[in-house]
Asker: 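To start, I am sharing the structure in question, which I have written as structure tokens.
Below, chain A is the first sequence line, B the second, and so on; all start at residue 1. Here the structure is a predicted model, which means the values were calculated and not measured. Worth knowing before you read on, the calculation uses all heavy atoms, side chains too, and leaves out hydrogens, waters and symmetry mates.
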2 protein chains.
Amino acid sequence: MLTEALRRFNRTYTQRIGVLDESFLGTGRPLAVSRLLFEVGSTPGTSVRGLRERLDLDSGHLSRLLRRLETEGLTTTTPDPVDRRRRVVELTPAGRTAYDDLERRSEERAAALVAPLTARQRERLDEALRTADLLVRAATVRLSEVAPDHPSAQEATRRYFAELDARFPEGFDPGGPVAPEPGATYVVASSDGEPVAYGGIRPALDDHTAEIKRMWVHSAWRGAGLGARMLRHLETLAAAQGRRRVVLDTNGALHEAIAMYERSGYRRIERYNDNPYAEAFFEKRL
Amino acid sequence: MLTEALRRFNRTYTQRIGVLDESFLGTGRPLAVSRLLFEVGSTPGTSVRGLRERLDLDSGHLSRLLRRLETEGLTTTTPDPVDRRRRVVELTPAGRTAYDDLERRSEERAAALVAPLTARQRERLDEALRTADLLVRAATVRLSEVAPDHPSAQEATRRYFAELDARFPEGFDPGGPVAPEPGATYVVASSDGEPVAYGGIRPALDDHTAEIKRMWVHSAWRGAGLGARMLRHLETLAAAQGRRRVVLDTNGALHEAIAMYERSGYRRIERYNDNPYAEAFFEKRL
DNA sequence: AGCATCCTCTGACTGTAGTCAGAGAATGCT
DNA sequence: AGCATTCTCTGACTACAGTCAGAGGATGCT
């Protein structure tokens with residue numbers, strides 16, 4: 001039973017590995033302050049707001065923690081020239097030293113933990129942790145509808161076009177700014193604020209058909225089932241809009257995508273548009 | 001790099017799974033109190049001392065947490081009839097209900113976390129977590145020298161003899177209480193207070209030789225490299241005592257043990273004692 | 001029987017984490 | 001230009017976690 005394995009591991013974790021956080025102790029700083037220092041050090045040029053979101057802290061609490069780092073001479077906080085309400089946090093040289101110290105402690109702690117294992121065991125552990133990491137991250141991805149001009153959507157679209165350009169033998173040119181599509185709905189899957197998958201539907205052909213557009217999965221996240229999940233999500237949305245059929249087009253170079261459509265119950269159909277990049281056409285009845 | 005995978009997972013964990021602990025929140029009780037309730041519920045008849053060790057709490061702190069559970073009517077604390085300095089903590093019926101509630105919350109949380117995964121992905125995650133769990137537990141096993149009459153040593157010896165009796169075609173009879181062995185050193189590997197591997201060395205044959213005795217690994221822990229690790233540890237101890245050679249005898253039925261000795265650089269030698277159960281004899285130069 | 005030790009508990013603290021309300025500056029919108 | 005909104009910060013708290021010293025009963029050892 002998976003939940004049992006998860007809960008058992010949770011226990012092992014808090015007793016054994018969780019102690020990794022303890023590497024942040026013994027620095028004379030409270031845990032929260034160390035965590036903040038670590039976060040500032042690993043995301044240079046971050047704003048107070050960004051920190052608040054990533055660490056999920058109360059604004060007053062965070063402000064005080066920042067003041068503490070500042071009086072220790074580890075960080076500087078200056079107004080963001082772009083939007084002077086925001087303030088940007090940076091490490092001072094002393095802060096960099098303190099950050100490196102945290103890095104070192106964390107690394108040493110991790111190394112000490114696995115030191116008793118043989119080379120073979122380390123490989124197995126490495127493999128197991130990477131798998132668990134990917135799957136847990138994939139499970140906790142959040143799907144949300146976004147406007148096409150939302151920063152995440154823009155970023156995802158940019159990456160999608162770049163991928164097409166790299167993979168099509170003839171390259172890909174979106175041909176100028178993307179025209180607004182009335183009635184279209186776009187969905188972005190994000191993890192830690194980063195877009196990791198994207199896709200949308202728009203009305204097409206007739207009143208009971210929707211077309212799936214711009215299906216994209218971040219290259220580091222392939223094999224985690226995100227594509228299929230996004231597809232299911234879009235189908236549900238289309239059904240909720242009263243569509244009884246979805247169609248899509250794609251390029252022959254995108255083998256995994258085509259395989260995924262087939263696994264997900266899509267059937268090949270005849271060309272239904274004049275998209276010069278499209279070579280394969282699919283439909284699915286909902 | 002394993003430490004990288006470990007540290008990355010650590011991050012994912014604290015942000016995602018770590019939230020399992022949050023299932024203990026929303027009960028109107030502080031986290032520490034819930035954790036204590038959970039511990040009391042999962043180890044019936046435990047003493048205050050046992051709780052203190054397992055949860056690694058200050059005695060004053062723990063005492064106050066226990067008082068809190070008691071005034072809530074969830075536990076009773078009564079003197080241990082065997083040793084009236086100790087006190088034994090038990091759940092009341094109301095406490096059992098509260099414990100079941102924690103169990104349910106924890107289970108629901110775990111189920112919700114993995115809900116977005118497909119069956120195939122769940123299997124992979126299950127497998128990965130079990131592997132990681134075994135290896136992390138194996139890595140954090142603690143080796144310590146013990147007197148042969150130490151409870152852990154007794155328990156390990158009992159299990160060792162039981163195993164021999166089960167595996168030898170002719171059975172095994174230790175022949176009365178074990179005689180004290182002058183100069184012998186025994187080591188127990190324990191995890192969560194349970195013995196998981198055992199072994200010892202004693203002077204033998206001549207001044208520069210030690211004999212390895214009673215090598216045992218808990219059946220649930222085989223394949224985690226504990227035997228080889230115990231062996232290395234014993235060899236180091238022998239070398240520190242000025243021995244230049246270790247010898248050991250074993251029975252032909254113990255295939256994995258024999259394979260391990262060979263992998264660890266042991267060579268077969270002639271019979272060097274009259275142990276009726278021994279069929280194979282090994283030595284290793286240190 | 002006497003003394004060291006063990007076990008649990010209370011008292012008296014300190015520091016950390018986190019919440020909530022609201023002030024004041026900067027910005028966006030119409 | 002005016003007004004709502006955003007962002008960060010301070011003040012004022014509350015609860016929680018954890019430490020240390022020491023009291024007092026129970027036990028083990030010789």
Asker: Taking the basic N atoms (NZ, or NE/NH1/NH2) and the acidic carboxylate oxygens, is any pair closer than 4.0 Å for A/Asp101 and A/Arg104?
Answerer: yes
Asker: Rounded off to whole Å, could you give me the CZ-to-P distance for the B/Arg86 and D/dT27 pair?
Answerer: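 Nearest whole value for this atom pair: 11 Å.
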Asker: Side chain of A/Arg87: nearest nucleotide among D/dC9, C/dG18, C/dT5?
Answerer: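 That would be D/dC9.
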Asker: Please tell me which of A/Asp83 and B/Gly50 maps to the more 5' nucleotide of DNA chain C, matching each residue to the nucleotide holding its nearest heavy atom.
Answerer: B/Gly50
Asker: When you check the phosphate oxygens OP1 and OP2 of C/dC7, does a side-chain N or O of B/Arg85 lie under 4.0 Å from one of them?
Answerer: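 For C/dC7, OP1/OP2 do not have a side-chain N/O of B/Arg85 under 4.0 Å.
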Asker: Checking side-chain hydrogen bond (donor to acceptor under 3.5 Å, both in side chains) against B/Thr46, which of B/Glu53, B/Glu90, B/Arg54 comes through?
Answerer: B/Arg54
Asker: Are A/Tyr160 and A/Tyr198 an aromatic pair by the rule of ring centers under 6.0 Å?
Answerer: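 Ring centroids of A/Tyr160 and A/Tyr198 are no less than 6.0 Å from each other.
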Asker: Using five pairs at each end of the helix from C/dA1-D/dT30 to C/dT30-D/dA1 to define an axis, what is the angle between those two axes, to 10°?
Answerer: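 Comparing the axis at each end, I get an angle of 30°.
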Asker: Salt bridge or not for B/Glu39 and B/Arg35, using N-O below 4.0 Å?
Answerer: no
Asker: Using a 4.5 Å cut-off on heavy atoms from C-beta on, say whether the side chain of B/Val196 contacts that of B/Val217.
Answerer: no
Asker: Check whether any side-chain heavy atom of B/Arg159 lies under 4.5 Å from a side-chain heavy atom of B/Thr157, and answer yes or no.
Answerer: no
Asker: Pull out every residue in residues 62-82 of chain B that has a heavy atom closer than 4.0 Å to any atom of DNA chain D, ordered by number, or say none.
Answerer: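 B/Arg64, B/Arg68, in order of number.
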